[in-house]
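Here the structure comes first, spelled out in structure tokens, and everything after it is commentary.
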Amino acid sequence: MAYPFSEIEPKWQKYWLEHKLFNVEPKTGHKKYYVLEMFPYPSGKIHMGHVRNYTIGDAYSRYKWLEGYKVMHPMGFDAFGQPAENAAIKNNTKPDIWTHKCIEWMKKELERMGYSYDWDREVSTCDDSYYKWNQWIFLKMFEQGLAYKKGSNVNWCPSCETTLANEEVIDGGCWRCHTKVEQKDLEQWFLKITEYRDRLLEDLQQLKDWPERVKAMQSNWIGRSRGVEIYFRLKDSDKTIPVFTTRADTIFGATYIVLAPEHPLVKEIIKGKAEEKEVLSFIDKVSAENKTVRSSEDVKKEGVFTGCYCVNPVNNETIPIWIADYVLMEYGTGAIMAVPTHDQRDFLFAEEHNLPMRIVIHGPGIKTMDPEYLNAAYEGNGLQVNSGQFNGLFNEEAKIKIAEWMEEEKIGKIQTHWRLRDWLISRQRYWGTPIPIIYCQKCGIVAVPYEELPVKLPEDVSFTGEGGSPLGKVKEFVNVPCPKCKSPARRETDTMATFFDSSWYFLRFSSPRFNNGPFDKEAAKYWMPVDQYIGGIEHAILHLLYSRFFTKFFKDLNMIDFDEPFKKLLTQGMVLKDGEVMSKSRGNIVDPDSIIKNYGADTLRLYILFAAPPEVEMEWSERGIEGAFRFLNRVWRLLEYCKDQPQGKIVSFELRKKTHRTIKEVSEDLENFKFNTAISSVMELVNAIYQNVDKDVSEAVRAVILLLSPFVPHLMEEMWQELGNKESILKAEWPQYEDKFIRESVIVMPIQINGKLRSKIEVPIDISEQKLREFVLDDDKVKSWIQGQVVRNFIVVPKKLVNIVI
RNA sequence: GCCGGAGUGGCGGAAUGGCAGACGCAGCAGCCUCAAAAGCUGCCGAGGGCAACCUCAUGGGGGUUCAAGUCCCUUCUCCGGCACCA
């Protein structure tokens with residue numbers, strides 16, 4: 001008979017909720033802990049990804065409770081966003097009605113999993129009590145010049161009919177619908193995240209408990225490159241062309257320069273030259289080419305000579321100016337110095353067009369100084385040659401010396417280039433936070449006064465699905481007086497990207513009902529930073545970068561006193577089915593509901609933690625679920641050996657040892673999120689109990705119940721109560737192991753001969769080396785192995801093993 | 001190309017430089033049963049041997065060490081990020 005999970009689980013869920021066991025308030029003298037999982041978009045249904053994410057957080061959170069911490073473990077909903085608009089059109093309803101219904105369903109699903117949330121702290125970003133503070137933050141940024149509007153070439157998703165941030169473009173497609181992103185010239189709102197680029201990069205070093213790959217991804221995205229801007233004067237002119245290089249050490253080898261075809265100087269310098277026609281037709285050809293085609297790697301590098309020359313400022317050499325398609329206007333200055341001997345792209349281009357070369361770095365592998373014999377550029381390190389007063393220096397050193405010298409001579413400037421661009425946050429959608437700005441004919445761009453916040457989303461909006469910003473069609477919303485001069489003005493009809501909402505929700509949780517600001521300074525001081533954050537790797541750049549930016553902004557406003565919002569980060573792996581991500585289109589979704597129905601939430605929780613370490617991908621297996629279920633039934637039946645037992649049953653010392661060791665192992669594993677091995681240790685203990693059912697197993701069973709309770713909370717509450725405990729297991733203490741059971745008096749010592757295991761002998765743990773040697777050499781197997789051979793070495797690793805070298 | 005991560009049985013996965021494969025899944029055998037299910041017990045990397053046991057084995061090749069899945073060098077493959085980025 002399977003254990004009655006469908007009765008046990010709802011019973012305890014109700015109990016936890018009614019007794020408010022997970023509600024916390026700041027309290028002096030208590031250790032606080034803040035566990036947070038990335039809050040979901042309320043689609044109405046949870047999927048296995050949620051289950052994995054939230055089960056990891058819940059197990060850890062419950063463990064921290066038992067350890068004696070006051071654990072804040074909140075949950076909320078990232079409730080703005082496009083799917084609600086689409087659903088509203090499809091189901092002929094309104095986004096807010098739809099969203100609130102979804103939130104209700106979703107909450108029920110989360111409750112059915114037995115998660116330990118403090119529901120009193122719940123927030124939804126679509127409530128005006130929340131988005132009011134989005135607007136407040138926006139206005140603070142606007143005041144500081146960190147939020148600004150500008151016209152530029154922006155990413156446009158034709159399917160979502162809205163703009164996208166650079167971070168939202170994945171492989172040239174929209175992050176949500178994968179539609180190919182187009183470019184459009186539009187006036188849009190940006191946040192000056194670039195103002196924080198140094199700190200966003202440098203502070204990554206503080207994040208000791210973040211995964212390397214996340215830090216690497218952010219660092220790549222921010223993309224700092226240090227180098228020198230060098231000024232090449234045009235021959236017979238006062239004009240200069242700046243080029244950017246990270247290899248100032250190769251400047252003496254620059255034998256020509258190359259401009260991007262779009263470079264503004266090109267048309268000017270070729271005017272009247274014999275080459276003008278050819279150059280213009282080349283420019284036409286390149287501009288007709290698709291941008292992605294042009295930047296793909298295997299396309300041959302093409303270019304033409306402009307007929308113009310410039311002067312290399314370090315040696316006054318006159319060198320030709322070319323234009324080529326492999327130089328991009330978007331990066332650096334749109335112009336490069338070409339050093340074919342030490343840059344492979346320049347090398348290929350120079351060979352193709354028969355341009356001169358000169359070696360300036362002498363690497364260890366280079367035998368001749370004659371570039372004629374090169375068949376590839378040498379991009380490694382070496383000593384400077386043909387480099388004037390820098391000859392003989394190691395190039396890495398020369399790189400710095402040359403840069404400094406160029407600055408002194410005013411022929412160059414040390415510079416840093418960044419890949420990170422400002423964050424485009426305006427969206428031409430309805431279901432988001434209205435941007436609190438009014439446009440006045442006389443006063444220009446005017447901020448909505450703080451006391452008029454929130455600018456509420458109008459409710460009676462018709463969704464036709466025919467495109468264009470829906471808010472623009474609501475006259476009462478758009479037409480307002482200017483806050484300054486009271487003359488008729490027009491309200492901004494774009495809304496904020498939803499990533500704005502999620503960039504600070506972790507702070508809101510510390511004081512979710514606070515109405516004098518986005519969060520209460522004191523509460524934030526107590527709870528923040530988040531001690532443990534858990535979520536998917538897909539947010540490695542987007543959400544995590546934006547949240548770090550907001551945190552630094554709040555620090556600059558003196559609202560908080562720390563730099564980084566998330567102390568420790570765990571990125572959980574995806575749940576796969578048959579080697580692929582579960583998705584509707586693949587039709588391989590396993591619905592958590594059906595698993596709960598057939599096996600219970602405890603089984604699902606146990607399985608998902610046991611099947612793989614949390615940070616790696618896990619393959620879904622129905623057999624695995626059955627195994628987990630089998631194990632829980634086995635645990636449930638342990639009660640038979642605890643209740644109504646005959647008096648005078650003997651306590652097994654071996655079992656006590658196993659029990660205390662298990663406590664030690666599970667505690668250590670939990671600290672390191674090694675749920676899979678923690679569970680396997682408990683499984684071993686359960687196996688050991690079944691080997692000892694004729695003895696008194698009560699201590700061991702009690703340990704099993706406590707150790708499993710973070711993973712399997714409902715069943716363990718039930719068993720805890722069955723053992724006669726009156727209070728919730730959450731009021732119990734995490735078990736402590738006793739040293740005397742961990743220490744061994746006798747151990748089985750493996751004996752290796754030449755590193756290979758040949759025998760084992762049982763010896764007292766504190767045996768002297770002399771005694772041990774005697775025992776070992778007296779062992780029959782050892783004798784037969786070393787028979788007639790000389791023992792060259794006798795290595796004893798105390799309490800570990802013996803290795804005899806013969 | 002640069003940066004980050006990973007390669008261990010049929011499968012998921014264990015191993016502070018010290019007995020490779022814990023635990024689970026699948027498989028095989030037995031017990032229980034009229035029978036089945038459930039449960040319980042045992043076996044379960046490959047090759048050799050009646051057996052005791054031996055040999056090989058952690059992507060490949062070198063090295064350090066008494067001892068390497070683990071450290072170093074090199075190489076291959078896969079996954080992720082960035083990239084004609086100067």
Side-chain angles (χ1 to χ4, degrees), chain A residues 1-2 170-171 211-225 227-228 230 243-247 250 257-258 260 294-301 324-328 330-339 343-346 348-349 379 417-419 537-538 540-541 571 606-607 610-613 615-628 630-631 633-634 637 665 668 674 676-687 690-691 748-760 781 784 792-797 799-806:
Chain A
M1 263 291 280
I170 312 289
D171 289 332
E212 279 310 316
R213 58 171 175 161
V214 174
K215 288 191 276 186
M217 280 161 80
Q218 291 216 356
S219 168
N220 282 342
W221 187 262
I222 296 167
R224 177 169 72 186
S225 81
V228 185
I230 304 172
V243 306
F244 179 71
T245 182
T246 53
R247 291 294 306 271
T250 65
I257 72 169
V258 190
R294 185 176 152 192
S295 54
S296 75
E297 217 166 314
D298 18 273
V299 172
K300 206 169 123 199
K301 299 169 190 3
D325 57 359
Y326 75 97
V327 176
L328 308 174
E330 307 88 83
Y331 191 79
T333 60
I336 61 161
M337 65 176 205
V339 185
D343 181 286
Q344 185 60 15
R345 284 159 310 167
D346 295 343
L348 294 174
F349 191 81
E379 296 182 331
H417 278 256
W418 301 82
R419 199 187 159 279
I537 186 72
E538 66 274 16
I541 296 171
T571 50
L606 183 78
Y607 167 68
F610 178 64
E615 65 280 358
V616 306
E617 288 178 342
M618 68 169 279
E619 173 70 28
W620 180 265
S621 147
E622 195 74 19
R623 297 287 197 186
I625 279 281
E626 284 168 21
R630 220 162 18 229
F631 172 68
N633 277 296
R634 203 166 141 83
R637 287 195 305 270
E665 283 167 19
E668 286 165 1
K674 292 163 83 177
N676 54 334
T677 50
I679 292 166
S680 75
S681 298
V682 181
M683 285 174 168
E684 283 185 62
L685 177 57
V686 170
N687 289 344
Y690 273 96
Q691 306 282 337
V748 176
M749 177 91 56
I751 313 298
Q752 295 184 336
I753 291 169
N754 287 348
K756 290 209 160 95
L757 179 72
R758 294 303 184 196
S759 183
K760 288 180 183 189
K781 283 183 192 155
S784 74
R792 291 188 193 282
N793 207 346
F794 193 95
I795 292 148
V796 176
V797 185
K799 300 172 193 180
K800 277 275 164 59
L801 53 55
V802 170
N803 190 12
I804 303 169
V805 186
I806 56 174

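Letters go in sequence order (proteins before strands), and every chain restarts at 1.
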Atom P, compared across B:G80 and B:U75: separation rounded to whole Å: 23 Å
Both A:V616 and A:K760 contact RNA chain B. Taking the nearest nucleotide for each, which residue is further toward the 5' end? A:V616
Could you go through A:N754 and A:V805, starting from their C-alpha distance and side-chain angles, then the distance that decides it, and tell me whether this counts as side chain to side chain contact (heavy atoms under 4.5 Å, CB included)? CA-CA 5 Å; A:N754 287 348; A:V805 186; 3.7 Å; yes
Taking donor-acceptor contacts at under 3.5 Å, does the side chain of A:N803 reach the base of B:C66? yes
Atom-pair distance (CD1 on A:I222; P on B:A83), nearest Å: 14 Å
Spacing of the P atoms in B:C53 and B:U58 (rounded, Å): 24 Å
Can you tell me, in whole Å, how much space there is between the C1' of B:A20 and that of B:A57? 9 Å
Residue pair A:D346, A:M337: steps toward the side chain to side chain contact (heavy atoms under 4.5 Å, CB included) verdict: CA-CA 9 Å; A:D346 295 343; A:M337 65 176 205; over 6 Å; no
Can you tell me the base-pairing partner of B:G39? Count Watson-Crick or G-U wobble geometry only, both distances below 3.5 Å, and say none if there is no partner. B:C31
Same-atom distance (C1') from B:A22 to B:A14, integer angstrom: 5 Å
Measure across A:V214 and A:A540 and return the closest heavy-atom pair with its distance rounded to 0.1 Å. CG1-O, 4.0 Å
Just the table, please: protein N/O against nucleotides 79-81 of chain B N/O, every pair under 3.5 Å.
from	atom 1	to	atom 2	distance (Å)
B:G81	N2	A:N220	ND2	3.1
B:G81	N3	A:N220	ND2	3.2

Would you sort out whether A:I537 and A:R213 count as a side chain to side chain contact (heavy atoms under 4.5 Å, CB included), showing the intermediate values? CA-CA 9 Å; A:I537 186 72; A:R213 58 171 175 161; 3.7 Å; yes
Looking only at atom C1', what distance separates B:U55 and B:U70, rounded to whole Å? 24 Å
Do you know which two heavy atoms are closest between A:I753 and A:I806, and how far apart they sit? CG2-CD1, 3.8 Å
Both distances below 3.5 Å, Watson-Crick or wobble geometry, any strand: find the nucleotide opposite B:C78. B:G5
Report all interatomic pairs (protein N or O, nucleotide N or O of nucleotides 52-58 of chain B) with separations under 3.5 Å.
from	atom 1	to	atom 2	distance (Å)
B:C54	OP1	A:R758	NH1	3.3
B:U55	OP1	A:R758	NH2	3.1
B:U55	OP2	A:R758	NH1	3.0

Among B:C84, B:C23, B:G18, the nucleotide that comes nearest once only the side chain of A:N687 is considered: B:C23
Using the purine O4'-C1'-N9-C4 or pyrimidine O4'-C1'-N1-C2 torsion, is B:G60 syn (within 90° of 0) or anti? anti
Please report the distance separating the C1' of B:G39 from the corresponding atom of B:U33, rounded so that it comes out in whole Å. 12 Å
Which comes earlier along RNA chain B counting from the 5' end, the contact point of A:E212 or that of A:I795, where each point is its nearest nucleotide? A:E212
When you measure from the side chain of A:V797, which nucleotide among B:C85, B:A22, B:G18 comes out closest? B:G18
Mark yes or no for whether A:Y331, through its side chain, and A:R419, through its backbone, hold a donor-acceptor pair below 3.5 Å. no
Correct closest heavy-atom pair for A:F610 and A:N676 would be O-CB, 3.4 Å
Given the rule in the side chain to side chain contact (heavy atoms under 4.5 Å, CB included) test, do A:R247 and A:V339 qualify, once you have shown the distances and angles that lead to the verdict? CA-CA 9 Å; A:R247 291 294 306 271; A:V339 185; over 6 Å; no
Could you check which of B:A86, B:G4, B:A15 has an atom nearest any side-chain atom of A:T677? B:A15
Of the candidate nucleotides B:G12, B:C23, B:C19, which contains the atom at the shortest distance from the side chain of A:A611? B:G12
When rounded to the nearest 0.5 angstrom, what distance separates CE in A:M217 from CD in A:E212? 13.0 Å
Residue of the set A:V258, A:V327, A:I230 for which side chain to side chain contact (heavy atoms under 4.5 Å, CB included) holds with A:V243: A:I230
A:E379 side chain to A:Q344 backbone, donor-acceptor under 3.5 Å: yes
Rounded to the nearest angstrom, tell me the gap between atom CZ in A:F610 and atom C1' in B:A14. 10 Å
Say you pick atom C1' in B:G59 and the same atom in B:C78; how far apart are they, in whole Å? 11 Å
So if I take every side-chain heavy atom of A:A612 and compare against B:C23, B:G12, B:A86, which nucleotide ends up nearest? B:G12
Proximal nucleotide (of B:C82, B:C40, B:A86) relative to the A:R637 side chain: B:C40
Measure from the side-chain heavy atoms of A:Y326 and tell me the nearest of B:G18, B:C84, B:G24. B:C84
Heavy-atom donor-acceptor pair, A:Y326 side chain to A:F349 backbone, under 3.5 Å: no
Give a yes/no on whether any side-chain N or O of A:K215 is located under 4.0 angstrom from OP1 or OP2 of B:C82. no
Neighbour count above 12 (heavy atom, 6.0 Å) for A:D171 CG: no
Tabulate atom names and distances for all N/O pairs under 3.5 angstrom spanning the protein and nucleotides 26-31 of chain B.
from	atom 1	to	atom 2	distance (Å)
B:A26	OP2	A:R630	NH2	3.3

Across all strands shown, which nucleotide pairs with B:A86 by Watson-Crick or G-U wobble geometry, both distances under 3.5 Å? none
Any side-chain N or O of A:N754 under 4.0 Å from OP1/OP2 of B:A67? no
Nearest whole angstrom, please: distance from the P of B:G13 to the OH of A:Y607. 10 Å
